[in-house]
Number of protein chains: 2
Amino acid sequence: MNISQAAKLSRLSVKTVRYYADIKMVEPARNIRSGYRSYTNDDVAKLNFIGKARRFNFSIEECRELLSLYQNKNRSSKEVKRLTLAKIASIDEKLKEFHSLRNELSHLVNCCNGDDRPSCPILDELSK
Amino acid sequence: MNISQAAKLSRLSVKTVRYYADIKMVEPARNIRSGYRSYTNDDVAKLNFIGKARRFNFSIEECRELLSLYQNKNRSSKEVKRLTLAKIASIDEKLKEFHSLRNELSHLVNCCNGDDRPSCPILDELSK
DNA sequence: CTTTACATTCCAGTTAGTGGAGACTTTATA
DNA sequence: TATAAAGTCTCCACTAACTGGAATGTAAAG
């Protein structure tokens with residue numbers, strides 16, 4: 001199938017699918033006459049896999065690792081679990097950061113009148 | 001003072017301070033003989049302000065807005081409060097996303113043996 | 001006078017794509 | 001069959017907010 005069909009089936013944009021070909025993540029065969037990329041169902045399965053992994057916040061490089069584990073039928077689940085635990089840890093870090101940011105900002109907002117006068121505890125804090 | 005002194009006082013890197021000059025956020029005077037950037041205490045205060053706002057997750061463009069409000073002694077606190085509330089809302093969105101990611105991933109991890117056998121519910125989910 | 005430290009500009013790379021131009025192929029319509 | 005429209009190709013530029021490095025220039029110290 002052509003790229004737009006593969007894109008539709010994997011719910012990715014054509015541009016993204018082409019990008020994944022460029023970075024050698026999912027390299028389809030080529031139609032010799034037209035030069036068009038020619039995707040198999042297997043290629044689409046890989047695209048789907050990557051799309052889902054990306055939505056799970058795995059980076060492109062992590063997707064590459066997962067994809068190679070996915071394709072290796074003799075792999076152990078240990079490595080996959082390790083990657084996933086690392087991802088959870090990094091998400092936890094971001095959660096912590098954002099939680100504390102949220103707290104600080106909402107504290108400041110609560111102190112700010114938000115009226116037409118110039119006095120502003122938010123700016124005061126930022127300039128300390 | 002020269003750029004490295006300004007960088008030290010504002011706890012930013014020299015590269016970053018130079019970058020803020022390039023994008024016309026904090027444009028110092030120049031020493032005519034050497035061409036070196038010459039920072040005043042006021043410039044350092046601005047750098048500090050930006051550094052803090054960046055740590056609060058405000059984008060460069062938002063920093064620009066905040067900085068102009070900061071410098072306008074007749075500003076109303078309304079606008080600052082509006083920007084800050086919008087920032088809180090966007091942080092809340094990210095928190096939500098990351099929370100649900102975390103839940104899904106930790107569910108998968110709990111289902112995965114993490115041993116030397118190939119069976120892996122994480123990969124199974126990603127390939128669905 | 002030379003070494004060293006600090007400064008300058010400019011170019012490239014980072015992440016993960018997205019947008020657009022210009023050219024070519026395929027498909028649909030008149 | 002001619003033409004128009006749709007799909008695809010490659011290549012380049014842009015996004016955010018810096019960071020790293022090269023080549024070059026200036027200032028301070030010994």
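In what follows, every chain begins at residue 1, and chains take the letters A, B, ... in the order their sequences are listed.
- Protein chain A contacts DNA chain D from D:dG7 to D:dT10, reading 5' to 3' and using non-hydrogen atoms of the protein with a distance under 4.0 Å.
- Per the geometry, CD1 belonging to B:I3 stands 13 Å off P belonging to C:dC6, to the nearest Å.
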Q. When you check every protein heavy atom under 4.0 Å of nucleotides 14-21 of chain C, what one-letter string (B, S, -) results, 5' to 3'?
A. --BBSBB-

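- Regarding contacts with the backbone of C:dA7, every side-chain N or O of B:R37 stays at 4.0 angstrom or more from both OP1 and OP2.
- Sorted by first and then second residue, the salt bridge (Lys or Arg N to Asp or Glu O under 4.0 Å) pairs involving residues 7-19 of chain A (not counting sequence neighbours) form an empty list.
- Classification of B:R37 and B:D22 as a salt-bridged pair holds, one side-chain N sitting under 4.0 Å from a carboxylate O.
- Legend: residues meeting ring-ring contact (aromatic ring centres under 6.0 Å, His included) with B:F49, ordered by chain and number and at least two apart, are B:Y70.
- Under a 3.5 Å cut-off, the side chain of B:N113 and the backbone N or O of B:D115 do not form any donor-acceptor pair.
- In this structure a side-chain-to-backbone donor-acceptor pair under 3.5 Å is missing from A:T16 to A:L12.
- Between A:E93 and A:K96 there is no salt bridge, since no side-chain nitrogen of the basic residue lies less than 4.0 Å from a carboxylate oxygen of the acidic one.
- The shortest distance between the side-chain N/O atoms of B:R33 and the OP1/OP2 oxygens of C:dT8 is not below 4.0 Å.
- The nearest pair of heavy atoms linking A:K94 to A:N57 is NZ-OD1, 4.2 Å.
- With sequence neighbours excluded, no residue forms a ring-ring contact (aromatic ring centres under 6.0 Å, His included) with B:H107.
- Of the residues in residues 39-50 of chain A, none lies under 4.0 Å from DNA chain D by heavy-atom distance.
- Checking side-chain atoms of B:R30 against main-chain N and O of B:Y36 turns up no donor-acceptor pair under 3.5 Å.
- Under the 3.5 Å distance criterion, the side-chain polar atoms of A:K81 are matched with a main-chain donor or acceptor of B:C112.
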